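Heads up: the structure comes next, in structure tokens.
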Amino acid sequence: MNPEENIIIEEPFVEEEAPQEEPVKEEESTISLEEAIKDLAHEDEAPQSTTFSLRKILLGDILNTGIVKKQIWLLLLITAFVIASITCRYKCQQSTLKIDKLQKELTDAKFRALTSSSQLTEKCRESNVLEMLKNNKDSVLHHPNQPPYIINIPQ
């Protein structure tokens, strides 16, 4: 072994002095403050990543993209059309239910009218009328013994 290889020379640790800052002038600090406010107020966006995760969508980060900001009126119009479509469908379903209910009521009314008509027809038959008159015995009407006469009137 070489004795020179094993020798490690350590340099003493010298603390570096911090560079002295120049006193800041008031005008420079005001300008830098104004620039900082302008930078913060500027709505330039940092480039967004092209991948959309569920977290970005739920937290609303997707709404900060330039595409969404440019197309906000289109999105509002689409939303209005969707709401109108849902409303029209609901109204249509309600109207369909009402029509079905009214058709059922109409069918019931037709059956009641048919039943009433058949009962009236049965009660108005000559045989039934004569039988009711015989049972009441307050009428002089009876079944004729002779056939009806035909009267001819010359013109």
Side-chain angles (χ1 to χ4, degrees), residues 15-16 18-155:
E15 187 174 315
E16 294 182 20
Q20 293 286 334
E21 293 183 16
E22 296 179 17
V24 180
K25 296 179 183 176
E26 192 171 315
E27 291 177 15
E28 288 179 8
S29 65
T30 307
I31 293 172
S32 64
L33 181 60
E34 286 176 8
E35 288 175 2
I37 291 174
K38 284 181 184 178
D39 288 342
L40 290 175
H42 194 314
E43 293 187 9
D44 237 0
E45 296 179 11
Q48 295 280 330
S49 65
T50 57
T51 58
F52 293 109
S53 64
L54 182 62
R55 182 174 186 254
K56 286 183 179 181
I57 293 171
L58 292 178
L59 292 178
D61 292 343
I62 194 170
L63 298 176
N64 288 334
T65 62
I67 296 170
V68 175
K69 286 182 180 179
K70 289 178 185 176
Q71 302 295 333
I72 191 72
W73 292 111
L74 178 64
L75 292 174
L76 290 175
L77 183 66
I78 291 171
T79 305
F81 281 140
V82 166
I83 290 171
S85 173
I86 291 170
T87 304
C88 288
R89 181 176 176 169
Y90 176 76
K91 270 186 129 175
C92 183
Q93 285 178 342
Q94 294 300 318
S95 297
T96 305
L97 290 174
K98 189 174 182 177
I99 287 170
D100 290 343
K101 180 182 173 187
L102 291 174
Q103 282 180 342
K104 185 178 178 183
E105 287 180 18
L106 179 63
T107 306
D108 290 344
K110 282 182 181 179
F111 285 140
R112 282 194 307 266
L114 184 61
T115 304
S116 299
S117 176
S118 66
Q119 288 174 352
L120 181 62
T121 303
E122 177 148 353
K123 288 183 181 181
C124 291
R125 283 192 186 150
E126 185 179 350
S127 60
N128 286 339
V129 170
L130 287 175
E131 187 177 321
M132 285 181 8
L133 289 174
K134 279 183 186 178
N135 290 339
N136 288 340
K137 295 184 181 183
D138 61 349
S139 174
V140 289
L141 293 177
H142 56 76
H143 204 355
N145 294 338
Q146 298 176 352
Y149 294 109
I150 298 177
I151 302 174
N152 292 327
I153 302 175
Q155 294 181 352

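Excluded from the calculations below are hydrogen atoms, water molecules and symmetry mates; all remaining heavy atoms, backbone and side chain alike, are included. Because the structure is a prediction, the values reported are computed rather than measured.
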Item to complete: Please round to the nearest 0.5 Å and tell me the distance separating atom CZ of Phe81 and atom CG of Leu76.
Response: 12.0 Å

Tell me which donor-acceptor pairs under 3.5 Å the side chains of residues 85-97 have, and how far apart each pair is, sequence neighbours excluded?
residue	atom	partner	partner atom	Å
Thr87	OG1	Ile83	O	2.8
Ser95	OG	Lys91	O	3.0
Thr96	OG1	Cys92	O	2.8

For residues 147-155, dump all side-chain donor-acceptor pairs below 3.5 Å to protein atoms at least two apart in sequence or in another chain.
residue	atom	partner	partner atom	Å
Tyr149	OH	Gln146	OE1	3.3

Worksheet item: For Asp108, which residues count as a side-chain contact (heavy atoms from CB on, under 4.5 Å) partner, sequence neighbours excluded?
Response: Lys104, Arg112

Practice prompt. Apply side-chain contact (heavy atoms from CB on, under 4.5 Å) to Ile99 and list each qualifying residue two or more places apart in sequence or on a separate chain.
Written response: Gln103

Discussion item. Once side-chain contact (heavy atoms from CB on, under 4.5 Å) is applied, do any residues pair with Leu74, and if so which ones, sequence neighbours excluded?
Written reply: Gln71, Ile78

Under 3.5 Å, side-chain donor or acceptor atoms of residues 123-132 against the rest of the protein: list the pairs with distances, not counting sequence neighbours.
residue	atom	partner	partner atom	Å
Asn128	ND2	Glu122	O	2.4

Discussion item. For the CG atom of Leu120 and the OG1 atom of Thr115, what is their distance to the nearest 0.5 Å?
Written reply: 12.5 Å

